[in-house]
Amino acid sequence: MTALSQRTKPTGPVGNSLTTGQLPRFAELYVLAGAAVVSALLLLLIGFNLVGWLVLTAVLYLIALGILSLVVENRRKATDRLVRGLVTVAFLLALIPLVSTLSTVIIQGAGQLSWSFITQTGGSSFNADTLEVTQTAGALQAIVGTLIITGIAALISIPIGLFTSIYLVEYALPKQWLARTVTFLVDVMTGIPSIVAGLFAFSLFSILVGPKAFSGFSASIALSVLMIPTVVRACEEMLRLVPADLREASYALGVSKFATIVKIVLPTAIAGLITGIMLAVARVIGETAPIFLAASFTDNFNSNPFDGPMQTLPVLAYTGYAFPGADIAASNASAWGAALLLVILVVILNLIARIVAKIFAPKGAR
């Protein structure tokens with residue numbers, strides 16, 4: 001027993017490896033603060049720049065944290081801290097353009113956003129008596145056009161995309177030629193530039209209607225070309241996440257395949273399906289090039305998607321800068337207001353999607 005205890009007793013090096021040093025709890029914050037101060041002092045000598053300061057702070061932080069952890073702790077913990085630091089820095093760098101874009105849109109558009117801006121039609125009016133051109137700020141025609149064009153595109157794309165994904169997951173065999181062809185076409189459509197979709201819709205309706213084929217329905221067809229592959233891919237992934245045991249249990253009870261899909265598969269994946277569909281809607285609701293080509297733009301109120309040009313929020317934001325009216329400042333302000341309205345609309349749609357997904361999701365998944 002004595003020899004066995006002596007043979008199993010930890011030796012010196014092993015005991016030391018289990019009792020290595022540990023950095024203080026807030027060591028990472030201290031290192032970050034020190035790196036920020038040092039980088040600021042260095043840049044003050046050659047000329048301070050905010051972007052350069054952030055980049056230099058991140059580099060000094062990673063180097064200092066890795067060296068300090070290697071000296072105090074051990075190599076494994078130093079590697080772990082270094083990798084976590086790289087992930088954190090990458091996340092913050094990815095967050096910078098998002099925060100910058102949102103803050104710029106909110107700051108520039110908040111002053112323009114008002115009830116009158118939302119409820120009245122904007123445009124220019126000419127007074128024949130005074131020969132004065134008045135610029136009226138309004139986005140009603142753009143809001144209505146956005147909802148109509150996007151709604152028609154969703155009505156076309158969601159059934160096609162959902163049924164295609166159900167076919168690929170539930171019915172198609174892996175090596176079936178039709179399934180491989182559909183998958184290939186979906187992959188190709190995913191990479192189509194948006195302006196190509198607009199040219200396709202405009203060319204199609206020019207052949208069917210004539211050279212002046214601008215309409216909201218034409219723009220909806222262009223958006224459908226962009227939306228369908230996104231819906232197919234998102235719904236396909238969500239349906240594949242449904243456990244096969246649920247399907248097998250339903251089949252074992254004698255339930256048909258169609259009833260299993262409708263009552264078991266779709267309700268189980270409903271939250272993910274709605275999220276994927278809303279991502280597809282958010283993908284196309286901000287498109288400018290295909291709508292600009294297929295529906296053109298107008299300051300007049302038009303709620304008929306089959307006759308004449310229509311205005312949308314992204315096109316209003318673009319034309320406010322590209323084709324300003326007599327009052328350039330007012331046109332630019334309207335562009336920022338339209339951009340902020342578009343962001344708010346996307347947020348509202350996502351909130352509605354989450355609420356609907358929570359209501360219709362199975363009780364165990366809530």
Side-chain angles (χ1 to χ4, degrees), residues 87 90-91 94 98 150-194 196-197 220-287 346-347 349-366:
V87 172
F91 169 73
L98 174 62
T150 308
I152 295 176
L155 289 176
I156 297 173
S157 305
I158 292 174
I160 296 175
L162 182 59
F163 292 154
T164 302
S165 63
I166 291 175
Y167 165 75
L168 292 175
V169 176
E170 302 294 337
Y171 291 97
L173 298 177
K175 296 183 179 181
Q176 191 176 12
W177 69 269
L178 183 57
R180 287 185 290 143
T181 304
V182 171
T183 302
F184 174 75
L185 292 177
V186 169
D187 292 337
V188 172
M189 291 178 64
T190 303
I192 291 178
S194 58
V196 175
S220 298
I221 297 299
L223 295 185
S224 298
V225 175
L226 301 173
M227 189 175 175
I228 288 175
T230 306
V231 175
V232 172
R233 276 285 168 251
C235 294
E236 182 182 0
E237 294 301 324
M238 292 301 105
L239 292 176
R240 292 190 188 279
L241 292 177
V242 177
D245 296 342
L246 295 178
R247 299 180 177 87
E248 294 174 358
S250 178
Y251 297 150
L253 294 175
V255 181
S256 64
K257 191 177 188 66
F258 176 79
T260 299
I261 295 173
V262 173
K263 296 183 179 181
I264 303 296
V265 177
L266 292 181
T268 303
I270 187 66
L273 293 176
I274 294 178
T275 302
I277 290 171
M278 292 311 303
L279 287 175
V281 173
R283 157 82 169 83
V284 301
I285 198 173
E287 287 291 345
V346 172
V347 171
L349 290 176
N350 279 275
L351 290 176
I352 293 174
R354 289 185 177 276
I355 293 172
V356 172
K358 189 174 182 179
I359 293 174
F360 290 98
K363 294 183 179 181
R366 293 182 184 177

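Being a predicted model, the structure only gives us computed values, none of them experimental. Hydrogens, waters and symmetry mates are skipped; everything else that's a heavy atom, side chains included, is used.
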For this session: Find out whether Ile166 and Val265 are in side-chain contact, i.e. whether some heavy atom of one side chain is under 4.5 Å from a heavy atom of the other.
Result: no
For this session: Please name the pair of heavy atoms, one in Ile160 and one in Thr164, separated by the smallest distance, quoted to 0.1 Å.
Result: O-OG1, 2.6 Å
Exercise. Between Leu239 and Arg247, what is the shortest heavy-atom contact and its length?
Worked result: O-NH2, 3.0 Å
Problem set entry | Spacing of CG belonging to Asn350 relative to CD1 belonging to Ile274, to within rounding of 0.5 Å | 12.0 Å
Seminar exercise, completed: Heavy-atom closest pair (Arg240 atom, Val169 atom, distance to 0.1 Å) is CG-CG2, 3.9 Å
Exercise. Between OH of Tyr171 and CD of Gln176, what distance do you get to the nearest 0.5 Å?
Worked result: 13.0 Å
Exercise. For the atom pair CG (Leu279) and CG (Leu349), what is the distance rounded to the nearest 0.5 Å?
Worked result: 11.5 Å
Exercise. Can you find a pair of side-chain heavy atoms, one from Ile221 and one from Ile156, that are under 4.5 Å apart?
Worked result: yes
Problem set entry | Side chain proximity check, Tyr251 to Ile264, heavy atoms < 4.5 angstrom | no
Exercise. About how many Å separate NZ of Lys263 and CZ of Phe258, when rounded to the nearest 0.5 Å?
Worked result: 9.5 Å
Check residues 226-234 and write down every donor-acceptor pair under 3.5 Å in which the side-chain atom is one partner and the other belongs to a residue at least two apart or another chain.
| unit_1 | atom_1 | unit_2 | atom_2 | d |
| --- | --- | --- | --- | --- |
| Thr230 | OG1 | Leu226 | O | 3.4 |
| Arg233 | NE | Asp187 | OD1 | 3.4 |
| Arg233 | NH1 | Glu236 | OE1 | 2.5 |
| Arg233 | NH2 | Asp187 | OD1 | 2.6 |

Problem set entry | Taking every non-hydrogen atom, the tightest pair across Ala179 and Leu168 | O-CD2, 3.9 Å
Problem set entry | Least distance between heavy atoms, Lys175 atom then Arg180 atom | O-NE, 3.5 Å
Exercise. Taking the side chain from Lys257 and the backbone from Glu170, do they hold a donor-acceptor pair closer than 3.5 Å?
Worked result: yes
Exercise. Counting N and O atoms only, with roles assigned by atom type, does the side chain of Ser224 sit under 3.5 Å from a partner on the main chain of Ser220, one being a donor and the other an acceptor?
Worked result: yes
